[in-house]
2 protein chains.
Amino acid sequence: MTDVAREAGVARVTVSRVISAPESVAPVTRAAVEAAIARLGFVPNLNAGTLASSRSRIVGALVPTLSNAWFADTIDGLSVTLSAAGYQLLLGQTRYDTREEERLVDAFIGRRVDAMVLTGTQHSSGVRAKLQRAGIPVVECWDLSDSPIDTVVGFSNTAAGAAVARHLLARGCQRLGFIGAQEHRSSQRLQGFREAAKEIGISNVAVQLVQPPSSVDDGARSLEALIAAQPALDGLFCSNDTLALGALMACRHNKWVVPQRIAIAGFSDLPVAAASVPALTTVRIESRELGERTGSLLVQRLRGETENSPRVHDLGFKLVVRESA
Amino acid sequence: MTDVAREAGVARVTVSRVISAPESVAPVTRAAVEAAIARLGFVPNLNAGTLASSRSRIVGALVPTLSNAWFADTIDGLSVTLSAAGYQLLLGQTRYDTREEERLVDAFIGRRVDAMVLTGTQHSSGVRAKLQRAGIPVVECWDLSDSPIDTVVGFSNTAAGAAVARHLLARGCQRLGFIGAQEHRSSQRLQGFREAAKEIGISNVAVQLVQPPSSVDDGARSLEALIAAQPALDGLFCSNDTLALGALMACRHNKWVVPQRIAIAGFSDLPVAAASVPALTTVRIESRELGERTGSLLVQRLRGETENSPRVHDLGFKLVVRESA
DNA sequence: ATGAAAGCGCTAACAT
DNA sequence: ATGTTAGCGCTTTCAT
């Protein structure tokens, strides 16, 4: 930068201003500086800027894994929104591990991110404390919460689970099953599913849990296990579409006709859900919008447009009834 | 840090050493410093460290979009590998746009990333020049190249396309079609596909191109357009599984029996490819491994283990023959 | 509209 | 094994 200043015959601050607040510099001066920048191929060191200004223009985001299309879509939406506003995205994967989440939060705070995005609303007290102490905007997404760290953008996983149960029961299912990953949002869906089933007197749900991240094979194996234990099963809720697709595959292998023999519902509405045979009934989550909304909320906050926006943003969900249930 | 030093009764450097090279500090001193760090809840400012040492421990990665599961998987593998080695991942999406790629490269260099990962081997001269000038390790992935910027980790897209053509021809297809996204790697696959077809005298390939990122619907619509123009089409190559799944969907709607009426092959082997009906013949790319390999190569380089490793790493591909072709 | 001075919080290089 | 000094490349604040 000193070089650019010398080349343009101005002080270093002026170069700095041309970069971060061009309109505060006289057009002639600005042109000279810009020419010098171009001539020297100068790329400002943003870390030095961060150090001096204590604003990094980096947002940190944590997801369990990118291998699940729904989280990848959320990050896609987030990344586009942030990028358009001049923010960079630092990404971490927790692998559904609390200790890893805490480690990453530390690392990101060490980098002085301007804001953090977390997946889910269950976090260790360490994470909550560190984030609070950092004093930066935090968005938790993919669920709702009564005690958000700061802001929440999501939907009610229990309500979604309940909606699926009501649908299966309405179409006449009597013996319900559930296949889900061992993680919090999946448990919430199960809880809602159970409560709604109980309301009409069905208190027995056959449950099969798998280690996240869940695979198509997990879904197939789990359904076979479920049917082995409970041959009369006629209604199945899978906590995500990947598992549901696997369950459909198991049905084809075993000639269990869907939805007659057994009705199956998934969760999240992957693009392939509509293309499966039979087409998958599922709960649509607008994963990408979730990320976009998170991003624009954060950008507003960071711009200081502190409009007293609510702490909880419920984006809802939608039961998409196709052929499988 | 000054606070920690005072609290522990040592100089600031000592605190610095406890953090970055603990073994160079006497156990007693170290314990005192660690206690002080814990007491004050001190989180070192990594940007200051970057500025002073000119090592950021950040790797920048650029993909066209995360909404394609194959790229998301590559980033997943990359992220895990880098994270284990103490590196953070700065992520950007180019949206298949060269200008956006260049903008992001600038932004990442400005952040003084220690290394860069790019998708594909076609980049503007500006990008090449900037990266060269930055003097950092660069890995281009998802293709091979004769003139890599630095290192390449991928496979031959043309060879993969040729393999698909040979397979379709071997099973008796006579009138070939291709559906692909308008982007370079897809074109490479088409090129290989065409060349292999020509070798046995078939020089006519009906082509339908779509704007990336490609969707299931794109695949369905494209096949219908293709068949409208060329009713005798009996062999189809889709440049990715998403498009192929859409094509299968169109076949079901129109009662075109697969593979008898028309054989269909996809690309990348998404988990759902095996679950589709009929099961999709495709080319398996180990997307996740591709990211892991990229990460470990980079970590080696950054550690200075400059072992004269080759510049081009061909991870290959595998034709997976299922039911659809 | 432009500049001078000071300092952000670390690490490198050289002592001791 | 620990400390001293200098400086990384910016932005801030206050002048002019």
Side-chain angles (χ1 to χ4, degrees), chain A residues 1-34 36-37 40-58 86 88 106-114 134-136 304, chain B residues 1-34 36-37 40-58 86 88 106-114 134-136 304:
Chain A
M1 197 181 233
T2 310
D3 296 347
V4 175
R6 190 187 315 112
E7 178 86 7
V10 298
R12 280 170 0 190
V13 253
T14 305
V15 178
S16 172
R17 285 197 262 252
V18 167
I19 290 162
S20 44
E23 67 287 353
S24 74
V25 176
V28 215
T29 324
R30 190 195 315 171
V33 171
E34 278 164 351
I37 288 175
L40 300 181
F42 170 65
V43 182
N45 185 328
L46 300 179
N47 295 308
T50 295
L51 188 58
S53 68
S54 49
R55 279 178 297 101
S56 64
R57 298 209 142 257
I58 294 181
Q88 300 183 338
D106 257 336
F108 283 21
I109 290 179
R111 200 59 75 173
R112 299 298 186 264
V113 293
D114 286 345
I136 55 176
Chain B
M1 198 181 233
T2 310
D3 296 346
V4 176
R6 190 186 317 113
E7 178 85 9
V10 298
R12 280 169 359 187
V13 253
T14 305
V15 178
S16 172
R17 285 197 263 253
V18 167
I19 290 162
S20 44
E23 67 287 352
S24 74
V25 177
V28 216
T29 324
R30 191 195 315 171
V33 172
E34 278 163 350
I37 287 176
L40 301 180
F42 170 66
V43 181
N45 185 327
L46 301 180
N47 295 307
T50 295
L51 189 58
S53 68
S54 48
R55 278 178 298 99
S56 63
R57 298 209 142 255
I58 295 182
Q88 300 183 337
D106 257 335
F108 284 20
I109 290 180
R111 199 61 74 174
R112 298 300 184 264
V113 294
D114 286 346
I136 56 177

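So you know, we letter chains A, B, ... as the sequences are listed, proteins then strands, and number each from 1.
When each of A/I19, A/N45, A/I37 is checked for a side chain to side chain contact (heavy atoms under 4.5 Å, CB included) with A/M1, only A/I19 meets the rule.
Summarising the geometry, the separation between CZ on A/R12 and P on D/dG9 is reported as 10 Å, rounded to the nearest angstrom. Summarising the geometry, the separation between CG on B/D3 and C1' on C/dC10 is reported as 14 Å, rounded to the nearest angstrom. The distance between atom CZ of A/R6 and atom C1' of D/dG9, rounded to the nearest whole Å, is 14 Å. If you take CZ of B/F42 and P of C/dG9, they are 10 Å apart, rounded to a whole angstrom. Taking atom CG on A/N47 and atom C1' on D/dC8, their separation rounds to 11 Å, with Å as the unit. Atom CZ in B/R57 sits roughly 14 Å away from atom C1' in C/dT11 (whole-Å rounding). A straight line from CG of B/L46 to C1' of C/dC8 spans 15 Å, rounded to a whole angstrom. Between the CE atom of A/M1 and the C1' atom of D/dC10 there is a distance of 6 Å, given to the nearest Å.
Put simply, the side chain of B/R17 and the base of D/dG3 share a donor and an acceptor less than 3.5 Å apart.
Side-chain contact check for A/V10 versus A/V18: every heavy-atom pair is 4.5 Å or farther apart.
Side-chain nitrogen and oxygen atoms of A/T14 include at least one within less than 4.0 Å of the OP1 or OP2 phosphate oxygen of C/dG3. A close approach under 4.0 Å does occur between a side-chain nitrogen or oxygen of B/S16 and OP1 or OP2 of C/dT11. OP1 or OP2 of D/dT2 sits under 4.0 Å from a side-chain N or O of B/T29.
Residue B/R55 is classed as a sugar-phosphate contact, given heavy-atom separations below 4.0 Å to backbone atoms only. Heavy atoms of B/V13 sit under 4.0 angstrom from at least one base atom. Among the protein residues, B/A52 comes within range of the nucleic acid bases, having at least one heavy atom under 4.0 Å from a base atom.
We find the CZ-CZ distance between A/R17 and A/R30 to be 13.0 Å, quoted to the nearest 0.5 Å.
No side-chain donor-acceptor contact under 3.5 Å links A/R111 and A/T50.
Residues B/R112 and B/A11 each lie close to DNA chain D; by heavy-atom proximity, the contact nearer the 5' end of the strand is made by B/A11. Between B/V25 and A/N45, the residue anchored closer to the 5' end of DNA chain D is B/V25, taking for each the nucleotide with the nearest heavy atom.
Side chain of B/E7 to backbone of B/L40: no donor-acceptor contact under 3.5 angstrom is found.
Comparing atom distances between the A/L51 side chain and each of D/dA1, D/dG9, C/dA1 picks out D/dG9 as nearest.
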